[in-house]
Peer 1: 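Below are the structure tokens for one structure; questions will follow.
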Amino acid sequence: MSIYDKLNQQQKEAVFQTRGPVLILAGAGSGKTSVLTHRAAYLLDEVGVRPYNILAITFTNKAASEMRERIDNLIGFGSQDIFVSTFHSMCVRILRRHVDYIGFDNNFTIYDTDDQKQVMRDVLKKLDIDPKKLKERTVLNAISSAKNELVTPEKFAIGSGGDYTRSLISKCYFEYQAALHKNNAFDFDDLIMKTVELFTEHPEVLEKYHERWTYIMVDEYQDTNTAQFELVRLLADTKDKNLCVVGDDDQSIYRFRGANIRNILDFEMHYPDAKVIKLEQNYRSVQTILDAANAVIRNNAARKNKSLWSKNGEGEKIRFLQLDTASEEAETIADSIARNVRKGLCKFGDNAILYRTNGQSRLLEERFVKENIPYRIVGGINFYSRREIKDLLAYLKTVDNGKDDLAAKRIINIPKRGIGATSVAKVQTAADNLGISFFDTLSCLDKADIKGATAEKLRSFETMILRLRAVNAAEGPAKLLREILDITDYINQMDVDSEEEADERIGNIEEFLSKVTTYCEEHETPTLTGLLEEIALVADIDSLDESEDRVLLMTIHSAKGLEFDNVYLAGMEEGLFPSYMSVTEGEEGIEEERRLAYVGITRARKNLTISSARARMINGETQFNAISRFVHEIPNNLFDNPPVRRKSYDDDSSYRFRRDSGEDTFGGGYRRNRDSDDYSGFRRDSDSDDYSGFKRDSDRDDYTGFKRTADVEAPYNPYSSKPRAFYSSKKTPEEEKPFISKASALGSLTKGSEMASGSKLKAGDRVRHIKFGEGTVLSVVKEPRDDKVTVQFDTAGQRVMYASFAKLQKL
DNA sequence: CACAGGTCTCTTTTT
DNA sequence: GAGACCTGTG
């Protein structure tokens, strides 16, 4: 009995085919990770390859760590030397080693989307381009596409020809790259392109990797873009070409980020002696779900023909729900899950709600909170792009990489130090003239012709950073972060509009602190550079703990590679899914959306529920959308209640604006037009173009009887990754534990004993604050996290602060 | 220089 | 509807 006995015929074939190029077309749920891990085992055990010589590339950290784990379980000793990594991490590793060949320092920073935007804004300003004429986004998109296609600024310029806009973008591209270089930074796309550049211009470096990685496997090959394709091609460009790629052309859903489906469709063209193996047996889903998936994807022209089948039985029919509004959709889904759990049919964690856009999570979340259903939202606003976290990161980056002007400029006046835009601009000009970084300019302000009070403020900022560098060198990133929070008094200096906001942000800071602490504990030699790199490259999905018993909410993109017993595909409406953008784009766009639908459907093991709403508010306007074409592509006999075919909302004569059952929607929820009582703004004449695009004005939806989104209470930040709702009123032990340790971690931040513990303060006490001066305590509210003190300052007004952070001295 | 209030604009999806 | 951005005022 060997470990390979459990594999089916095709899987075995894929595992045993170790020489030369191999293309494994692995349908959804066909056990491709199993094939890859067994293949690694086979290479080690039977072919005698050393683990050090094997490279496995994935797209997400989650996929990488999953593969790592499964390889470790299967192989055990020695497996840790197999290099399992994402494209981006691998490139960072390579660049950190050899980036000096192409003129960067090896402690380079990785810029995220916000950073890119900031750089581009500066570029547009510098080139005196009207941002209304040419948007940052447009330019950045063009540059990103260029990089994904390995088009350098030089090549881009040549390709511009007489096209005015394009030559303008070309100028921006040059300037943008220059700015990144100056800041010693790469953007995401650079990581791949610059690695290719390194290998192309310095074959001796590539040669080292040829010697090392003699067997290469690439997962999710259908999502590779041209740059990644070229990178793989270079790495595998050895005598033997032992390259094994695994993918499913039907699951190619990253065209928007340059993925080129031709890479997988044309694999045999690039490698004529490639062996092709199809895995079509599905081990995940019941046949009904596979039939639905097959029926949908069959409508795509550009694909390799294959058809999934399983031995898991027919299973339940697919449910279809059409609701009047998106809130009712959310309500129905939440109720359905709650009912099934109550009946003991499933756990919360067996359910996932998948949608096309992150924005759809809001209503669902509100409903889940209302019904006390435990849930977790994956994705949306990245944790690290919250304002307070970005501020703290900018501190860390400034300490780490003094060339990162972006970071230094972000924090030079956070918290407020009385350094305004004028002073910043002055320093920047001087820096440009001197050819040094923004931060380095602070040490020679006399050359910059900055004197007096401003110079003093700037110098003290510089001194602070230098001091922080010493802290980092001596005690590492975790201590550094605490020191930053401490000496800037960041938490009390945040300007917030409400207590809720303060709570939210303090919670985020706590979470950040605990993440940094964890990083330091988990790494033998934790470094600031390493920490920042890890932060730059993680996705929300990477840290998903599937053992939690919570309903999962995420986009279909995020759900790729995952599976659940019960899947709810929400918001299946024309204009939303397929998206309006892709509809206007034509057939290629639709085919990509259809693949996405295929990915969504095939996430389900047992039960699939598809829903759509007749009306939904998007970007402040109510849209009336027809049922998604993809729903209609599923044969009626697979549904328990097939959807009614209808071309668009207006064709449905049975539908009326006012709901028959009136009740509470017209009660508390109903509001008249904000601006006037005049109904004339509401035209329902059929020649009005309002209807052609399925769109209407937000002001008009009042008349439809639908709830306005604003009328629904929204006490929670939908983007917070922190859990906010629990099914029982008691917190689970898992929730309590880190909570306490975080709080104590924060407690240790404060220096001296006289300030902390708010319990010592009471209403009426006179106190002194380091910045706000003297004041009187109005109230002290005990909170689990920390005591919240409200102080009426004599000169600085009323402030709410957290006792252990506020340097409040009792008088 | 800081802040309040008004205007404008919406990448669908993410490493 | 919400956040980013701009502008005028103290």
Side-chain angles (χ1 to χ4, degrees), chain A residues 57-64 85-92 110-114 117-118 121 131-132 135-138 140-141 144 147-148 186-192 220 223-225 227-228 252-259 354-360 362-363 378-382 385 387 413 415-424 453-454 457 495 497 536-542 554-560 571 575-585 589 592-593 595-596 599-600 617-622 674 698-699 701 708-712 714 717-719:
Chain A
I57 312 175
T58 63
F59 270 85
T60 64
N61 294 293
K62 185 174 168 57
S85 170
T86 65
F87 269 104
H88 291 88
S89 310
M90 175 181 79
C91 289
V92 171
I110 301 163
Y111 275 177
D112 66 19
T113 323
D114 283 345
K117 267 198 222 156
Q118 193 58 51
R121 281 188 55 190
K132 279 183 194 112
K135 291 201 202 80
E136 295 146 30
R137 182 132 274 154
T138 315
L140 284 169
N141 277 341
S144 176
K147 288 180 176 179
N148 287 332
F186 291 120
D187 65 21
F188 276 115
D189 302 315
D190 276 338
L191 295 176
I192 314 284
E220 306 279 13
D223 289 330
T224 52
N225 59 37
Q228 288 159 335
S252 172
I253 56 174
Y254 282 106
R255 201 166 68 109
F256 69 92
R257 99 185 166 196
L354 310 182
Y355 36 76
R356 180 65 181 83
T357 67
N358 282 304
Q360 291 168 253
R362 219 192 90 189
L363 289 174
V378 176
I381 295 271
N382 186 314
S385 48
R387 201 186 336 160
N413 200 31
K416 302 251 151 50
R417 299 185 175 92
I419 302 169
T422 325
S423 309
V424 171
T454 312
K457 290 177 203 160
D495 55 337
D497 296 332
L537 298 178
V538 291
D540 201 15
I541 190 81
D542 295 336
M554 66 183 97
T555 61
I556 301 172
H557 281 92
S558 292
K560 191 154 81 126
L576 184 62
F577 191 11
S579 79
Y580 176 72
M581 303 284 280
S582 63
V583 173
T584 52
E585 196 183 344
E592 170 110 343
E593 296 280 309
R595 290 192 291 271
L596 193 57
V599 169
M617 187 178 283
I618 294 171
N619 284 346
E621 74 181 354
T622 303
R674 295 169 278 207
S698 57
D699 286 326
D701 64 332
R708 298 181 65 100
T709 319
D711 296 327
V712 182
N717 178 345
Y719 296 126

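Basis for what follows: all heavy atoms, side chains included, without hydrogens, waters or symmetry-related copies. Labels below follow one simple rule: chain letters A, B, ... track the order of the sequence lines, proteins then strands, and each chain is numbered from 1.
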Peer 1: Do the side-chain N or O atoms of Asn141(A) get closer than 4.0 angstrom to the phosphate oxygens (OP1, OP2) of dT11(B)?
Peer 2: no
Peer 1: Considering only atom C1', compute the distance from dT12(B) to dC5(C) and round it to an integer number of Å.
Peer 2: 24 Å
Peer 1: Of the candidate nucleotides dC5(C), dT12(B), dT14(B), which contains the atom at the shortest distance from the side chain of Asn358(A)?
Peer 2: dT14(B)
Peer 1: Of Ser579(A) and Phe59(A), whose nearest nucleotide on DNA chain B comes first from the 5' end?
Peer 2: Ser579(A)
Peer 1: Considering only atom C1', compute the distance from dT11(B) to dC6(C) and round it to an integer number of Å.
Peer 2: 23 Å
Peer 1: Is Phe256(A) stacked against the base of dT13(B), taking the criterion as centroid distance under 5.5 angstrom and interplanar angle under 30°?
Peer 2: yes
Peer 1: Under 3.5 Å, side chain of Glu593(A) to main-chain N/O of Phe577(A), donor-acceptor pair present?
Peer 2: no
Peer 1: According to a strict under-4.0 Å criterion, is Arg137(A) in side-chain N/O contact with OP1 or OP2 of dT9(B)?
Peer 2: no
Peer 1: Measure from the side-chain heavy atoms of Thr357(A) and tell me the nearest of dC3(B), dT13(B), dT15(B).
Peer 2: dT13(B)
Peer 1: Report yes if at least one side-chain N or O of Asn413(A) is closer than 4.0 Å to OP1 or OP2 of dA2(B); otherwise report no.
Peer 2: yes
Peer 1: dT15(B), OP1 or OP2 - any side-chain N/O from Ser89(A) closer than 4.0 Å?
Peer 2: no
Peer 1: On the nucleotide dT14(B), are OP1 or OP2 found under 4.0 Å from the side-chain N or O atoms that Lys560(A) carries?
Peer 2: no
Peer 1: Is Tyr111(A) close to Asp190(A) at the side-chain level, that is, under 4.5 Å between some pair of heavy atoms?
Peer 2: no
Peer 1: Verify, without hydrogens or angle tests, whether Ser579(A) (side chain) and Leu576(A) (backbone) share a donor-acceptor contact under 3.5 angstrom.
Peer 2: no
Peer 1: Ignoring the backbone of Lys416(A), work out which of dG1(C), dA2(B), dT12(B) is nearest its side chain.
Peer 2: dA2(B)
Peer 1: Would you mind telling me which of dG1(C), dT14(B), dT15(B) lies closest to the side-chain atoms of Phe188(A)?
Peer 2: dT15(B)
Peer 1: Between dC10(B), dT15(B), dT13(B), which nucleotide has the shortest distance from any of its atoms to the side chain of Arg356(A)?
Peer 2: dT13(B)
Peer 1: To the nearest angstrom, how far is Arg362(A) atom CZ from dG1(C) atom P?
Peer 2: 8 Å
Peer 1: Thr422(A) side chain N/O closer than 4.0 Å to the phosphate oxygens (OP1, OP2) of dC1(B)?
Peer 2: yes
Peer 1: According to a strict under-4.0 Å criterion, is Thr113(A) in side-chain N/O contact with OP1 or OP2 of dT14(B)?
Peer 2: no
Peer 1: Please determine if a side-chain N or O atom of Asn148(A) lies less than 4.0 Å away from the OP1 or OP2 oxygen of dT15(B).
Peer 2: no
Peer 1: Return no unless some side-chain N or O of Ser582(A) is found under 4.0 Å from OP1 or OP2 of dT12(B).
Peer 2: no
Peer 1: Would you tell me if any nitrogen or oxygen in the side chain of Lys457(A) comes within less than 4.0 Å of OP1 or OP2 on dC1(B)?
Peer 2: no
